[in-house]
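Every chain is numbered from 1 and lettered A, B, ... according to where its sequence line falls, protein lines coming before strand lines. These numbers come from the heavy atoms of this one structure, side chains and all, not from hydrogens, waters or symmetry mates.
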Amino acid sequence: MIAELGLAALWLAAALAALQLAGGALAQRGETPLQPLVRPAAILQGLLAGFAFVMLLWVFAVTDLSVKLVAANSHSLKPMIFKIAGAWGNHEGSMLLWVTVMALAGGLIALIERRLPERTMQATLAAQGFVALGFYAFLLFSSNPFERLPVPAPEGLGLNPLLQDIGLAFHPPTLYIGYVGLSVAFSFAVGALLTRQVTPEFARVMRPWVLGAWVFLTIGITAGSYWAYYELGWGGWWFWDPVENASLMPWLAATALLHSASVLAARDALRAWTIMLGVVAFSMSMVGTFLVRSGVLTSVHAFAVDPERGSFILALLALYIGGALLVFALRAGSVSEGQRFAALSREGALVFNNVMLSAILGIVLLGTLYPLLTEAFDVRVSVGPPYFNPASAIFAIPMLLVMAVGPLLRWRGDKFERISVPVAITVAIVVTVALIIGVATAPGLLPLLGLAISIGLAVASFWPLKGRRLTRVPLATWGMVIAHFGIAIALFGMASEGAFTKERLIALAPGGSTEIAGWQVTLEGVDPVAGPNWTALEGHLLAARDGGEPVRLDPQARNFWAPPQETTESALLTRWDGQLYAVLGDRASDGRWQLRLWWKPFVTLIWYGGLLVALGGVLAIIGRVLSDLKRRRIRVLAAERRSEQAMGAVS
Amino acid sequence: MIRWQVWVPLALFSAFLGVAGYQLSQPKDEFIHSTMIGKPLPQFDLPPAMEGVDGAATTNFQDGKPRLLNIWASWCLPCIAEAPHLETLKQQGVEIIGVAIRDRPEDVAAFLERNGNPYSRIGSDAVSAIQFEIGSSGVPETFVIDGKGVIRYQHIGDIRESDVPMLLEKLREAGE
């Protein structure tokens, strides 16, 4: 009954999406019979999709084994939290989550967004309905999450044990809100193109939505990176895997979009470019989804691979992205570029950053698709860090340097003399740090540049606050400062980890010990342990630093039985200046145990930096929303005063 | 933007659609090639997994007759599902040597009591040592071993009814 309720809600929501599309499209042609229904349809569609998702959570929570999806992905013995997470830890459930986020976002715009011309809003909601409709079709015709089994299963097959981790239980929803939140930017861009209303007001309306999606993407990528780092047991935090790239590409596009929307909002420039990025950002979400789900690329964690589903998503891609790019090509000429500006100006720096971000996006996209391209000629290659690291650094390094000084520039045009002092100081910091570290440790070119630039950027990111009363600085500016500082912090972590990591692979008998980077590590013994749905071998390590108090570390090699799979649970010891990372390996034939140990200096800064970037985004949203509310209040007050004056003139 | 530039994204996207569409239409090689296939079994000599059965050793596989090596455990649910199909294989004259992973004698006995015993020998691998050496990542898994002790085929996951003829065929090939 619950499953049928969910399915019925999905059908109704799909019908409402169709209504939204029809009403909005008719409104563009001046026919308005359905127009009053468009906003309510969007709101109701959001509620119904949300209801369907709650029904899915329900059948997973009670482990209703007559539902195929539950039987295939859950198990009665699983802890409740992972039963719930199982709802979206699979293809059908995650597509339902996708539609739900999209419908809720569409409903929210319909409910609260009143600043744009009504015709643009109608076009936006029509676009949102159109995109949602394709995904409803995907769910209802090819990936029904509520499908029943003819005979209920006696027991479920379980959830991929790699996914049975609290980090991953909440990582996909976060990423999805970011991914799908960009559909709002896409719909706004298409709506504005259709009605040719690409205005600063449009950028101001779109900006908080993009910021919101971008914050979730940032958190999702940061959390995903940390999860891969501690769960997969290989000690790395970024692998340039297609699935990782699938989340990085929309982030790069959204970052560029945020900055170009700021130029459009403040200075009425970069109109076509902002629209273009709005289309590209969501396109990257969809391309990423396609690459992950279709099986055209081999990835260490591609899932729900199925060529038929791949064809469906490819058709949706062709329809939406192809359609949007076609409209863009036809209409972009009629959207004039807007105000001009000098090369040395705030706009100039932002355009530079935009071009560099787009170049990095191109590099990542090319590297991700390259195996696909060569496979068409029967050549199997894999593209990894040796390509991605230097190729993206070529563009990232100049961007980071401009990022340090860009916020100091004035809009429209500026003189170099005005910012020469901070620029000189930044350059001096970067050069000094590079010389000191280079001479002292010779860590290799990229880590060296990374360390030097990160310190220069960390200092420079606070310059926009110089000489200002801190309590009067707008929240959005604080947001920018903190986000840029976060980038510097994360970069420092990455460079430090790359330059100074120490690794030791050793086989120890119980009682034996080893030394790594000042840590004395002793293997006390290895014992079997049992969890709710797994058994494991657990190593007991004692780690003492420079003769200090020893601390316990208990890495595990886990064995899940539903479904059967081995996972490693690394043990981490966090100190202010880095992490000790331990993995228990196999037992050698002579009874010794393989141990893999790393000392990773300042590695945690990578993720703290990511969280700071997200925090910056949150502050910027609050700041933007508050200033919009203030602007609206002023406008209302002005209108009241005008009408009072008019009344006064009449009487 | 200059007039022709606005068409560049669409052109690039069309190229992507073309390549992706072509790749989707190509058959995918889904078969997992174990690196152990074609190699001899690693050396092992496992103690019996319970009273009243014989343990398992590499030498048991070298008398010229092809056999199945089944990796399983009493705590493994899919192993219950595959038990009847192992029984069918046994009735077809196939000799199956079992390796119980991280198991206790009384649990092994209880499992065989309930689900039948298709095995000629059952070794006990208390720390998954052989499991790892043979390139198995979970339970259940089944290997086709030819008469010289060389691994000819690896079946990951439980044996379903539809897998039985396929395994018989693999055993016949291994015997040639």
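The distance from the CG atom of A/Leu326 to the CH2 atom of B/Trp7 is 5.5 Å, given to the nearest 0.5 Å.
Residues of residues 9-17 of chain B that come closer than 4.5 Å to chain A, counting heavy atoms only, are B/Pro9, B/Leu10, B/Phe13, B/Phe16, B/Leu17, ordered by residue number.
In the displayed structure, B/Glu113 atom CD is contacted under 6.0 Å by at most 12 heavy atoms of other residues, nucleotides or ligands.
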Report all side-chain donor-acceptor pairs from residues 281-292 of chain A shorter than 3.5 Å, counting only partners two or more places apart or in another chain.
unit_1   : atom_1 : unit_2   : atom_2 : d
A/Ser283 : OG     : A/Val279 : O      : 2.6
A/Ser285 : OG     : A/Tyr179 : O      : 3.2
A/Thr289 : OG1    : A/Ser285 : O      : 2.8

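Of the two parts of A/Ala557, only the backbone, made up of N, CA, C and O, holds a non-hydrogen atom closer than 4.5 Å to a non-hydrogen atom of chain B.
Partners of B/Asp54 under the side chain to side chain donor-acceptor pair (under 3.5 Å) rule, at least two apart in sequence or in another chain, do not exist in this structure. In terms of the side chain to side chain donor-acceptor pair (under 3.5 Å) criterion, A/Arg331 has no residue partners (sequence neighbours excluded).
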